[in-house]
K.L.:
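Sharing a structure below in structure tokens format, with a few things to ask.
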Amino acid sequence: MKAKFEKEFLKGVRKHSGIKKQIEKKVSQVMEHPVELGEPLKGNLRGFYSCPIKRNFIIIYLYCAACRKKGDAKFVACSDCSATSDETIKFVLLGPHDEVYNIK
């Protein structure tokens with residue numbers, strides 16, 4: 001399994017460095033069990049998964065194999081989709097639930 005970290009995810013890691021160990025542990029767990037640990041998202045985040053790090057703090061990621069298998073690639077529209085292997089997990093966003101989902 002290969003991990004790709006989007007710029008916004010890395011920005012979240014820096015911003016929330018106080019829980020860096022918890023983030024690293026959850027990323028490792030997701031790498032081992034991407035579908036089992038994540039909750040499939042709907043609507044404008046169709047194709048992505050969310051996974052809690054702690055109570056109100058989540059990771060948003062994309063598992064390329066599941067995205068393609070479900071036919072979500074056309075909704076996600078990754079710019080590097082054709083150059084990315086199925087066994088890739090893209091970590092997209094990280095932060096408090098309301099912040100990640102832009103809930104005001």
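Here the structure is a predicted model, which means the values were calculated and not measured.
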K.L.:
Closest heavy-atom contact between V30 and L37?
P.N.:
N-CD1, 3.7 Å
K.L.:
Would you tell me whether K25 and Q22 have side-chain atoms, one donor and one acceptor, within less than 3.5 Å of each other?
P.N.:
no
K.L.:
Do you know the tightest heavy-atom contact between Y49 and G38?
P.N.:
CD2-C, 3.7 Å
K.L.:
Answer yes if F9 and L93 sit in the same cluster of Ile, Leu, Val, Met, Phe, Trp and Tyr residues linked by side chain heavy atoms under 4.5 Å apart, and no otherwise.
P.N.:
no
K.L.:
Are Y101 and F75 linked, directly or through intermediate hydrophobic residues, by side-chain heavy-atom contacts shorter than 4.5 Å (ILVMFWY only)?
P.N.:
no
K.L.:
Search all heavy atoms of A65 against all heavy atoms of E87 and return the closest pair with its distance.
P.N.:
CB-OE2, 4.3 Å
K.L.:
Over all heavy atoms of both residues, which pair between L10 and F5 is shortest? Give the atoms and the distance, please.
P.N.:
CD2-CB, 3.7 Å
K.L.:
What's the shortest heavy-atom distance between D72 and G47, and which atoms?
P.N.:
OD2-CA, 3.3 Å
K.L.:
What's the separation between atom NZ in K11 and atom CG in L94, rounded to the nearest 0.5 Å?
P.N.:
12.0 Å
K.L.:
Does the pair T84 and C78 meet the rule for a side-chain contact (heavy atoms from CB on, under 4.5 Å), with working shown?
P.N.:
CA-CA 9 Å; T84 305; C78 289; over 6 Å; no
K.L.:
Do M1 and Y63 come within less than 4.5 Å of each other through their side chains, counting heavy atoms only?
P.N.:
yes
K.L.:
Are M31 and F91 close enough, and set up right, to give a side-chain contact (heavy atoms from CB on, under 4.5 Å), and what steps lead you there?
P.N.:
CA-CA 10 Å; M31 293 295 294; F91 291 91; 3.7 Å; yes
K.L.:
Out of curiosity, E39 CD to I60 CD1, how far, rounded to the nearest 0.5 Å?
P.N.:
9.0 Å
K.L.:
When you compare the side chain of V76 with that of K90, does any pair of heavy atoms fall below 4.5 Å?
P.N.:
no
K.L.:
Parallel under 30°, tilted from 30 to 60°, perpendicular over 60°: which one fits the rings of H16 and F57?
P.N.:
perpendicular
K.L.:
Can you tell me if Y61 uses its side chain to pair, donor with acceptor, with the backbone of P34 under 3.5 Å?
P.N.:
yes
K.L.:
Verify the cluster assignment for I59 and L45: are they in a single hydrophobic cluster under the rule of side-chain heavy atoms below 4.5 Å apart?
P.N.:
no
K.L.:
Same cluster for V92 and V100 if Ile/Leu/Val/Met/Phe/Trp/Tyr side chains link at under 4.5 Å?
P.N.:
yes
K.L.:
Minimum heavy-atom separation for C64 and S85, please, with both atom names.
P.N.:
CB-O, 3.6 Å
K.L.:
Applying side-chain contact (heavy atoms from CB on, under 4.5 Å), run through H97 and S50 and close with a yes or a no.
P.N.:
CA-CA 10 Å; H97 182 277; S50 71; over 6 Å; no
K.L.:
Output, in order, the C-alpha distance, side-chain angles, deciding distance and verdict of side-chain contact (heavy atoms from CB on, under 4.5 Å) for Q29 and K26.
P.N.:
CA-CA 5 Å; Q29 291 172 342; K26 190 57 74 170; 3.3 Å; yes
K.L.:
Working to the nearest 0.5 angstrom, can you tell me the gap between K2 NZ and D86 CG?
P.N.:
12.5 Å
